[in-house]
Protein chains: 4
Amino acid sequence: MRTKDDEKKEALFQATIKLVNDIGFVASSVSKIAKEAGVSPATLYVYYKNKEDLLVSTYIDIKLDLSQAILADMDDSLPIRDILENVWHSIFSYVSNNLEYYKFMEQFANSPYSALVDRQAVEQYFVPLTNVMQRGIEQKIIKPVDRHILAAFLFHPVSYLANPRLCQEFELTETDIETAFTMAWDAIKL
Amino acid sequence: MRTKDDEKKEALFQATIKLVNDIGFVASSVSKIAKEAGVSPATLYVYYKNKEDLLVSTYIDIKLDLSQAILADMDDSLPIRDILENVWHSIFSYVSNNLEYYKFMEQFANSPYSALVDRQAVEQYFVPLTNVMQRGIEQKIIKPVDRHILAAFLFHPVSYLANPRLCQEFELTETDIETAFTMAWDAIKL
Amino acid sequence: MRTKDDEKKEALFQATIKLVNDIGFVASSVSKIAKEAGVSPATLYVYYKNKEDLLVSTYIDIKLDLSQAILADMDDSLPIRDILENVWHSIFSYVSNNLEYYKFMEQFANSPYSALVDRQAVEQYFVPLTNVMQRGIEQKIIKPVDRHILAAFLFHPVSYLANPRLCQEFELTETDIETAFTMAWDAIKL
Amino acid sequence: MRTKDDEKKEALFQATIKLVNDIGFVASSVSKIAKEAGVSPATLYVYYKNKEDLLVSTYIDIKLDLSQAILADMDDSLPIRDILENVWHSIFSYVSNNLEYYKFMEQFANSPYSALVDRQAVEQYFVPLTNVMQRGIEQKIIKPVDRHILAAFLFHPVSYLANPRLCQEFELTETDIETAFTMAWDAIKL
DNA sequence: GATGAATGAGTGTTCATTCAT
DNA sequence: CATGAATGAACACTCATTCAT
């Protein structure tokens with residue numbers, strides 16, 4: 001028999017991301033994705049159960065990749081501010097080098113498919129980061145507020161600024177990123 | 001008094017928002033919107049050029065409404081911090097009282113249709129607010145950074161926190177909102 | 001606006017029957033039926049809710065037509081044997097003159113769609129006939145057995161004999177039909 | 001002993017019948033049948049030319065089995081009425097004990113595949129039975145009518161009454177079966 | 001102005017079958 | 001012999017839009 005072709009799965013993965021970025025979530029039909037990947041629509045169903053599975057799997061794969069990129073650079077022995085600054089740069093670096101991935105996540109998170117993701121499982125990937133913030137609160141370094149509020153100031157502005165769709169006419173410099181982190185830190189520090 | 005025509009247009013406006021909120025952007029077809037508004041699909045094309053026009057117009061109308069709500073409460077004679085705090089609360093108040101509108105804007109902003117909006121025209125609505133921030137910078141009260149970065153800390157967290165879809169398991173209290181504004185102000189103040 | 005075209009509905013009705021007879025139930029796809037009727041597949045959905053509705057409605061329409069044909073000729077004042085002989089001939093006449101209709105009913109009754117029919121409503125059409133048999137039992141003219149068993153001998157052989165698919169190489173004559181009724185009567189009479 | 005091959009073929013035979021009974025003729029796809037039989041879809045094509053061959057062969061195998069069951073009990077030395085009564089009971093017994101087989105035949109006979117069966121070959125299986133009826137006619141015991149008409153009263157009602165789909169709300173008793181045979185005999189006897 | 005009818009183009013998905021191993 | 005991968009063609013159905021009245 002023919003062996004399963006990892007190239008095909010990778011092609012579908014890339015095609016999904018490319019198409020969602022190029023023409024949007026709604027317009028990204030199964031047949032267009034298959035055509036972009038150079039396979040038959042029917043072949044897609046060899047690798048994924050259905051469209052939902054294709055999109056959700058793609059999202060989770062990226063999310064895992066992102067978490068690994070961030071956590072790989074994390075040095076728990078540093079001061080909390082430094083850890084978070086490193087994370088901030090890691091995120092920026094990841095987003096810059098994988099803009100397509102990032103944009104896909106953005107689109108996905110705002111699509112109805114996002115409701116189908118096992119949120120808890122995904123949050124597991126980022127537990128070490130959550131722990132750092134918890135430690136910061138306990139050590140009276142970070143304001144003692146819910147982690148969603150912290151995230152709103154620490155991670156969400158990054159998304160906003162890195163998103164060319166929302167921030168079209170404005171190109172970020174390295175200094176802007178430094179400044180932005182200072183602002184984020186000012187917001188959350190005690 | 002309203003003419004019959006205006007009533008139909010208003011019905012289409014409300015139907016669009018209701019449907020997008022109830023069944024999502026993707027599922028909101030022209031015929032369903034027309035049915036919800038109690039008119040024929042063909043009639044819709046009397047008032048709007050096409051589906052794109054319907055959605056974009058609806059978005060811009062809401063955006064204008066929001067800007068008016070915010071600016072109506074703005075008292076330029078107050079200290080800058082107080083102005084922005086009032087704005088912050090205005091936004092929260094608007095979102096709370098017009099959740100349907102807000103959710104529609106969210107959906108719209110993350111759809112491919114958002115690329116079709118004349119962004120500059122929309123930004124005009126918020127010029128007085130931009131001016132306040134500009135004044136804050138000149139008076140060395142606010143950090144001298146690009147207005148997009150300021151917005152990333154001043155307005156974007158509000159959206160994020162107000163979004164029940166992203167912040168499902170976490171209910172905001174009045175104190176949370178106060179705290180969040182303090183954090184936002186810490187981020188942008190010099 | 002365009003007015004609804006009864007010709008189109010009739011064309012769909014006829015096309016459904018023709019196709020089911022020609023290529024079978026399974027192969028009769030919506031697009032083929034639409035093409036046979038000379039309309040777009042989408043148009044079919046103007047007249048019927050879905051494929052199921054198309055098939056079930058077609059069946060019920062025919063069943064009603066058949067019942068009217070049979071009952072129109074029924075004269076309750078005749079002796080029971082004569083009534084049933086008339087019915088027997090009515091059925092034969094109907095089947096002969098509307099072979100396509102009859103074959104469709106056969107196909108339908110043996111398809112999974114038949115489960116969707118409101119059987120009681122359809123049986124209503126034939127109540128006068130059921131009553132005759134009931135009367136025959138009370139007057140000790142007909143064997144006192146369940147009406148399903150009576151039907152098995154009175155109506156089912158007609159179906160079998162009239163069905164060219166089951167009875168291909170054998171052509172029925174007028175005498176055969178007389179003979180067959182005698183046999184049916186022998187079976188059910190006391 | 002059975003070779004490995006025969007086991008696979010038998011598995012496919014049983015899987016075909018089971019699936020057609022469980023999910024219907026239309027839904028019984030080749031891949032589902034193969035999966036039910038525990039083999040690859042491709043393997044199915046080692047044993048059968050194609051789907052048509054699979055279904056037709058399965059039907060013919062059952063038909064042969066049925067004929068053997070009926071004829072095994074047939075004692076040509078008995079009076080004709082007794083022979084036919086025995087056959088009648090044999091059929092009922094077979095259907096009761098092999099409901100799955102019977103239901104498959106039903107489904108098959110009303111599918112377009114039934115046109116592909118070599119009807120003459122199948123009729124060969126039942127020649128001894130045909131001969132009995134022929135003898136009955138010659139001995140002036142049975143009405144001298146075409147064998148199709150005889151079959152319409154002798155065998156077709158059995159199918160109808162045994163069919164749980166058509167006779168849903170009505171459960172046959174042993175007495176009903178006796179009665180029904182009496183009726184069948186009344187119909188065909190001179 | 002207002003409408004229901006009409007439709008070509010598209011949707012996600014499954015099918016029977018063949019291919020390469 | 002046996003297989004999972006691969007696919008073109010088809011499926012039922014919905015879409016945004018236009019037509020004729």
Side-chain angles (χ1 to χ4, degrees), chain A residues 1-9 26-34 38-55, chain B residues 3-5 8-9 26-35 37-55, chain C residues 1-9 26-35 38-55, chain D residues 3-5 8-9 26-35 38-55:
Chain A
M1 62 152 195
R2 293 187 196 164
T3 55
K4 210 161 191 165
D5 193 346
D6 272 351
E7 268 180 43
K8 288 227 169 72
K9 185 150 196 178
V26 183
S28 295
S29 70
V30 167
S31 15
K32 285 179 194 157
I33 292 172
V39 302
S40 156
T43 304
L44 192 151
Y45 288 85
V46 173
Y47 294 91
Y48 297 96
K49 226 173 57 199
N50 51 28
K51 190 187 185 184
E52 172 188 318
D53 184 30
L54 166 69
L55 296 171
Chain B
T3 73
K4 190 158 182 239
D5 300 350
K8 287 224 170 79
K9 187 153 191 175
V26 184
S28 296
S29 69
V30 168
S31 352
K32 286 180 193 157
I33 291 171
K35 179 180 257 182
V39 303
S40 158
T43 305
L44 191 149
Y45 287 83
V46 175
Y47 295 93
Y48 297 96
K49 226 173 59 199
N50 50 28
K51 190 187 185 183
E52 172 189 320
D53 184 27
L54 167 68
L55 294 171
Chain C
M1 63 150 197
R2 293 187 196 161
T3 56
K4 208 158 188 168
D5 193 346
D6 272 352
E7 269 179 41
K8 288 226 170 73
K9 184 148 195 179
V26 183
S28 295
S29 70
V30 168
S31 18
K32 286 180 193 156
I33 291 171
K35 180 177 257 183
V39 301
S40 156
T43 304
L44 191 150
Y45 289 85
V46 173
Y47 294 90
Y48 297 96
K49 226 174 54 201
N50 49 31
K51 191 187 184 184
E52 172 188 319
D53 184 29
L54 167 68
L55 295 171
Chain D
T3 73
K4 190 155 182 244
D5 300 350
K8 287 223 171 80
K9 187 152 192 174
V26 184
S28 296
S29 68
V30 168
S31 351
K32 285 180 193 157
I33 292 172
K35 179 181 258 184
V39 302
S40 159
T43 304
L44 191 150
Y45 286 83
V46 174
Y47 295 93
Y48 296 97
K49 226 173 60 199
N50 50 28
K51 191 187 185 182
E52 173 189 317
D53 184 28
L54 166 69
L55 294 171

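Here the structure is a predicted model, which is why all the values come from computation and not from measurement.
- Judged purely by atom type and a 3.5 angstrom limit, Lys51(C) has no side-chain atom pairing as donor or acceptor with the backbone of Val30(C).
- Residue Leu44(D) contributes atom CG, which lies 14 Å from atom P of dC15(E) at whole-angstrom precision.
- Here Tyr47(A) reaches the OP1 or OP2 of dA6(F): one of its side-chain N or O atoms lies under 4.0 Å away.
- Distances from the side chain of Pro41(C) to the nucleotides dC13(F), dT17(E), dA6(F) place dC13(F) closest.
- For Ser40(A), counting side-chain heavy atoms from C-beta on, the closest listed nucleotide (dT7(F), dT17(E), dT3(F)) is dT7(F).
- Base engagement by Thr43(C) is indicated by at least one non-hydrogen atom pair under 4.0 Å involving a base atom.
- Here Lys32(C) reaches the OP1 or OP2 of dC11(F): one of its side-chain N or O atoms lies under 4.0 Å away.
- With DNA chain E read from its 5' end, the first of the two nearest nucleotides for Ala42(B) and Ser31(A) is the one closest to Ala42(B).
- At the heavy-atom level, Lys35(B) lies nowhere under 4.0 Å from the strands shown.
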Report task. For DNA chain F, produce a single dot-bracket line, 5' to 3'. Pairs: Watson-Crick or G-U wobble, both distances under 3.5 Å. Symbols: ( ) within strand, [ ] crossing, | other strand, . unpaired. Result -> .||||||||||||||||||||
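- Spacing between atom CD1 of Ile33(D) and atom C1' of dT17(E) amounts to 14 Å, rounded to whole angstrom units.
- If you measure from atom NZ of Lys8(D) to atom P of dC1(F), you get 11 Å, rounded to the nearest angstrom.
- Both Ser29(C) and Gly38(D) lie near DNA chain F, and the one whose nearest nucleotide falls closer to the 5' end is Gly38(D).
- Mapped onto DNA chain F by nearest heavy atom, Lys49(C) and Asn50(B) fall at different nucleotides, with Lys49(C) at the one closer to the 5' end.
- Rounded to the nearest 0.5 Å, atoms OG (Ser28(A)) and CG (Leu55(A)) are 8.0 Å apart.
- For Val30(B), the side-chain atoms get nearest to dT17(F) when compared with the rest of dT17(F), dC13(F), dT7(F).
- Picking from dT13(E), dT18(F), dA16(E) the nucleotide with the shortest atom distance to the side chain of Tyr45(A) gives dT13(E).
- Rounded to the nearest 0.5 angstrom, Leu54(D) CG and Tyr47(D) OH are separated by 13.0 Å.
- The separation between Asp53(A) atom CG and dT13(E) atom C1' is 14 Å, rounded to whole Å.
- Looking at which nucleotide of DNA chain E each of Lys51(A) and Val39(C) is closest to, the 5′-most match is held by Val39(C).
- At whole-Å resolution of the value, OH in Tyr48(A) and P in dT14(E) are 17 Å apart.
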